[in-house]
Amino acid sequence: MTEFRDEELLADVICRLIGDARHVAVGAASPIPATAALLARERAGLHNSNRLYVSLLGSRAHTFFTDGARELFDCAGQGRIDVFFLSGGQIDGEGNINLVSVGDYERPKARFPGSFGSAYLYYVVPRVILFRTEHSRRTLVPKVDFISAPGGSPDNVVRPGGPIALITNRCLFEFDRMQRRFRLASVHPGHGVEEVVENTGFAFDRPAQVPLTPVPSAETLRLMRTVVAPMLAEIYPQFAQKVFGVAAPLPSAHA
Amino acid sequence: MTEFRDEELLADVICRLIGDARHVAVGAASPIPATAALLARERAGLHNSNRLYVSLLGSRAHTFFTDGARELFDCAGQGRIDVFFLSGGQIDGEGNINLVSVGDYERPKARFPGSFGSAYLYYVVPRVILFRTEHSRRTLVPKVDFISAPGGSPDNVVRPGGPIALITNRCLFEFDRMQRRFRLASVHPGHGVEEVVENTGFAFDRPAQVPLTPVPSAETLRLMRTVVAPMLAEIYPQFAQKVFGVAAPLPSAHA
Amino acid sequence: MEYLPLMARITRSLDEALAPITDGCMLAVPRETSGVAMAATRALIRRGVKRLHLVALPTSTLQTDLLIGAGAIATLETSAVSLGEFGAAPRFNAAILAGAIHMRDATCPALHAQFQAAEKGVPFMPLRGLIGSDLMAHRPDWKIIDNPFGNDDPIVLLPALKPDVALFHAPLADRDGNVYIGRERELVIMAHAAARTIVTVEEIHETDLLHDPLFAAGTLPGFYVEAVAVERRGAWPLPLPDRYGIDAAHMSEYARLAATPEGFAQYLDRYVYAKRAA
Amino acid sequence: MEYLPLMARITRSLDEALAPITDGCMLAVPRETSGVAMAATRALIRRGVKRLHLVALPTSTLQTDLLIGAGAIATLETSAVSLGEFGAAPRFNAAILAGAIHMRDATCPALHAQFQAAEKGVPFMPLRGLIGSDLMAHRPDWKIIDNPFGNDDPIVLLPALKPDVALFHAPLADRDGNVYIGRERELVIMAHAAARTIVTVEEIHETDLLHDPLFAAGTLPGFYVEAVAVERRGAWPLPLPDRYGIDAAHMSEYARLAATPEGFAQYLDRYVYAKRAA
């Protein structure tokens, strides 16, 4: 079996979750989802299926947007974004995410960057994939201290969108919107169910037999390393360098 | 005294009404106001006063708008248009204008093109100048059959804008927003007060002595005929031809 | 309504591109000076399209008069219809006086706001003005509320307008269906608001319009475009910004012929059914 | 508020252009990738600007962290502040934990909608989402109404946001103050929404940007611009679209130094007070 890095495994899993969407958008500071989205586009291209549009926020080369920063959100409001990605400083068992702060909002113990577009996109994008590479009781909590965006909404709130899954460095959870509850879908190679339980702050469902997360194929790794990695260097130079050993472009590269 | 055409007199009067505005916008099918606006811009240029911006709807050369058809209205909503022009198939003594139809709306006796932007711009542009070259009891009526836009609004309606004057082929009326009533300001050369009364379907105030409308100066006529007229040919080829004898550009002129 | 971003394609024929414009659909078209798809309009009349709900953003001239005269329109929603300097729109006026079409009178900024509401995926957009206009009396779909941020401050709310198809003419498109629209940015809003967008263009630009930053700034991405057909002088006799002006002689001829039903029929035979394009 | 379209002018000095940015004013700035006026930001810090109500549309990085560290900000209104790939924003986090600034947490599309409301001259704009987010609990200026076009359909209304000044960096301006902004169209909305707009540019374009249709499609008209100052590499160390990328080495150095108050003071001495521009 070919050697691979954790990031490559996660990107492969996310790529499968994307499936055959028409338009996948990736927000700021999301190198692994960006890898997965570009990988999905390459695969779609190879299999001559319907064209997959990918929009990487902050990228020049890998977005079609020409109407300014507003377009991503208007596009989602039009129902024209099928898949988006969100993370959280804290994520709880009901799919609530916290991108703001730990402790009392007025006197926080820790501050995160902020909610970005989550308080809107989580509601309107049909398939939101949550990702958090640090899987611990610090990040996966019983109840978030601040709800940047809720995992679900009352029936009278117009909400075509919401979470479908949560991927971490240890496992993949699927989300049941009816029950507002996560279910353990697979555990990554080298990790175990007990480890997942120990490191998860919220309760979740699980089957009697928890499958192992499939590893990326040699073809997938080749695509990621040779085709996708160079694309990532434009907006994630550090990541592309660290994970794929691709040199970051010089500041003059855009000139 | 230099000979001049009625259109030249009206443009000169409107130009004085414009005064020292910062931004004058002119809508579709308004060749005389367009002449006045361009004339005002030339005068402002000559006298080195503050720059006057002119926006001629439908013009390529004489507008700065780059954000599509919406920009004119957003600009007005921002309070960035000082003067605009409106006409009406019917105009009544309270400054109400009708751009829609004569008779019952459901079974009209005559139809006009429609309200254009009047139902918005009449409210938000501080100084709206009404113009109607046909001054008759058919056009200046006691009460319009359809109010495209009212001359005034209740105090609780946010309305920074409204009419300041009405100019016709016979005279100039000024509008009193408090009383919602027109006052005869001047009668054009070759026309008389009695004639105005006879041909006006609504009641209006008038001073004991009604002044004569000043005629355009030789300098003004020179500016209009040599500088402004060629600019008009872009969007008002027929008008430029008829009034100023300026040749209309060929269809290929924009190419 | 579904918004399916299909892969934009350059169609072999104009008729193929126009297939999604079915009888009874809501069709959005731009004002005279922004790129009107006149060749496509003539093709639709030849095909015999019926019962259109035509929305002209925000006004219209020859295109609407032609479609009305050809009996293609059931409902018309716009702010004004005339032939501009060439006078009144004869078929529009005749149809209104005869009660032959359902007219939804609007005002320009209201239509822009209603398209923007659809672009943003919100159910309505507020707008100043309007209160006290008789337009309100005939538009039960326009509502007045008390501004929640004000104090006894009535303001109008306008519902989102989501056309089935947006149709316009532009100078360029590339092989990915990216369309150069330049300054005519209401075309972008139309495409964002509509479920499908069909475009005719003067010519195909052989390199990626999004790759060149100068072109990209004025480009509608192919993501929003369902079909593109090449039609040289496709706006004729109307103008195309920065390309060609209005054909004044033809407009005068139209105004003269369309003054009577017989003359209009002659015009159709000569310029529409005869497939004469220019 | 007054919107006075003054004649845009090319100022002799950066400080002259920045004069309208007074202590306590509401200043709007764009996201990192759209053209941040960093040279101007350093000049404002040198001048000792105070008590700014900074609105970053919709997020911010180094610019906001620098202004906070320099004590220039009283109120911050934005959706997120970090150094992106270079980690957390140290001065922002420290100020929040110390309660040193008043934070108005937003979400990106809400800020865009609030600027669009100002652009349209309407008091508010509706937006989906938001309901059930704790952001609502801390934003009493955001209201929920029952959609008048729906049935038991709660929706959020956001008030118009009208900054006193909008400030950004762009590649080109001409002698009339027309500014080339390309695809960064939120800069146009910012300028429409703000009472005054101040722009720094890489260079002066000697011909009229509005005269060339290709440039015009990506140009903010000088009508909306109060002052333009020329600052080569004026976005450094942040990127300028299609011109230059981010200075990664410098960003890493900033992240390292700004981690402590002492280190941040050193950074100011070295890169701000020393007037070092690049």
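Within every chain, numbering begins at 1; the chains are lettered A, B, ... in the order of the sequence lines, protein sequences first and strands thereafter. Here the structure is a predicted model, which means the values were calculated and not measured.
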Self-check item: Derivation and outcome, side chain to side chain contact (heavy atoms under 4.5 Å, CB included), residues Val158(A) and Asp153(D)
Solution: CA-CA 7 Å; Val158(A) 170; Asp153(D) 174 14; 3.5 Å; yes
Self-check item: CA sep, side-chain torsions, deciding dist, call: Tyr123(A), Ser133(D), side chain to side chain contact (heavy atoms under 4.5 Å, CB included)
Solution: CA-CA 11 Å; Tyr123(A) 297 74; Ser133(D) 164; 4.0 Å; yes
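For Ala76(A), no part lies near chain D; criterion is any non-hydrogen pair under 4.5 Å. Of the two parts of Met136(D), neither the backbone nor the side chain holds a non-hydrogen atom closer than 4.5 Å to a non-hydrogen atom of chain A. Within the 4.5 angstrom heavy-atom criterion, atoms from both the backbone and the side chain of Thr107(D) approach chain A. Proximity to chain A (any heavy atom under 4.5 Å) is shown, for Glu32(D), by neither the backbone nor the side chain. Heavy atoms closer than 4.5 Å to chain D are found in both the backbone and the side chain of Arg70(A). Neither the backbone nor the side chain of Ser34(D) comes within contact range of chain A; no heavy atoms are under 4.5 Å apart. Residue Ile97(A) does not touch chain D at all, counting heavy-atom pairs closer than 4.5 Å. In this structure, the portion of Ile189(D) lying under 4.5 Å from any heavy atom of chain A is its side chain and not its backbone. Proximity to chain D (any heavy atom under 4.5 Å) is shown, for Tyr236(A), by both the backbone and the side chain. With a 4.5 angstrom heavy-atom cutoff, Glu106(A) touches chain D only via side-chain atoms. Only the backbone of Ala106(D) comes within contact range of chain A, with at least one heavy atom under 4.5 Å from a heavy atom of that chain.
Expressed to the nearest 0.5 Å, how far CZ of Arg183(D) lies from OG1 of Thr63(A) amounts to 9.0 Å. Rounding to the nearest 0.5 Å places CG of Leu57(A) at 8.0 Å from SG of Cys108(D). Atom CG of Asn156(A) is separated from atom CG of Asn147(D) by 11.5 Å, given to the nearest 0.5 angstrom. Atom OG1 of Thr78(D) and atom CZ of Phe116(A) lie 9.0 Å apart (nearest 0.5 Å). Here Glu71(A) contributes atom CD and His112(D) contributes atom NE2; the two are 11.0 Å apart, rounded to the nearest 0.5 Å. Taking CZ from Arg107(A) and CG from Leu97(D), the interatomic distance works out to 12.5 Å, rounded to the nearest 0.5 Å.
Taking each heavy atom of Arg31(D) and Ala69(A) in turn, the nearest pair found is CZ-CB, 3.5 Å. Here the shortest heavy-atom pairing between Phe92(D) and Phe112(A) reads CE2-O, 3.9 Å. Of all the heavy atoms in Ile147(A) and Gly132(D), the pair that sits closest is CG2-O, 3.7 Å. The nearest pair of heavy atoms linking Pro108(A) to Ile96(D) is CG-CG2, 3.8 Å.
In terms of heavy-atom pairs under 4.5 angstrom with chain D, the leader among Ala149(A), Ser115(A), Ser153(A), Pro31(A) is Ser115(A). Ranked by non-hydrogen atom pairs under 4.5 Å with chain D, the options Ala29(A), Gly152(A), Ser148(A) are led by Ser148(A). Highest contact tally toward chain A, considering only Asn151(D), Asp152(D), Leu57(D), is held by Asp152(D) [criterion: heavy-atom pairs under 4.5 Å]. When each of Pro154(A), Ala110(A), Pro150(A) is scored by its heavy-atom pairs under 4.5 Å with chain D, the top score falls to Pro150(A). Among the candidates Leu111(D), Ile131(D), Thr33(D), the residue making the largest number of heavy-atom pairs closer than 4.5 Å to chain A is Ile131(D).
Between Tyr120(A) and Leu127(D), the closest side-chain pair of non-hydrogen atoms falls below 4.5 Å. A 4.5 Å side-chain heavy-atom check between Asp134(D) and Val100(A) finds every atom pair outside the cut-off.
A salt bridge links Glu184(D) with Arg60(A): at least one charged nitrogen is closer than 4.0 Å to a carboxylate oxygen.
Note on ring orientation: taking the six-membered ring where Trp is involved, the planes of Phe146(A) and His138(D) are parallel (angle under 30°, cut-offs 30° and 60°).
Residues of residues 130-140 of chain A having a heavy atom under 4.5 Å from any heavy atom of chain D: none.
No more than 12 heavy atoms of other residues, nucleotides or ligands shown are found within 6.0 angstrom of CG on Asp155(A).
In this structure a side-chain-to-backbone donor-acceptor pair under 3.5 Å is present from Glu85(D) to Phe239(A).
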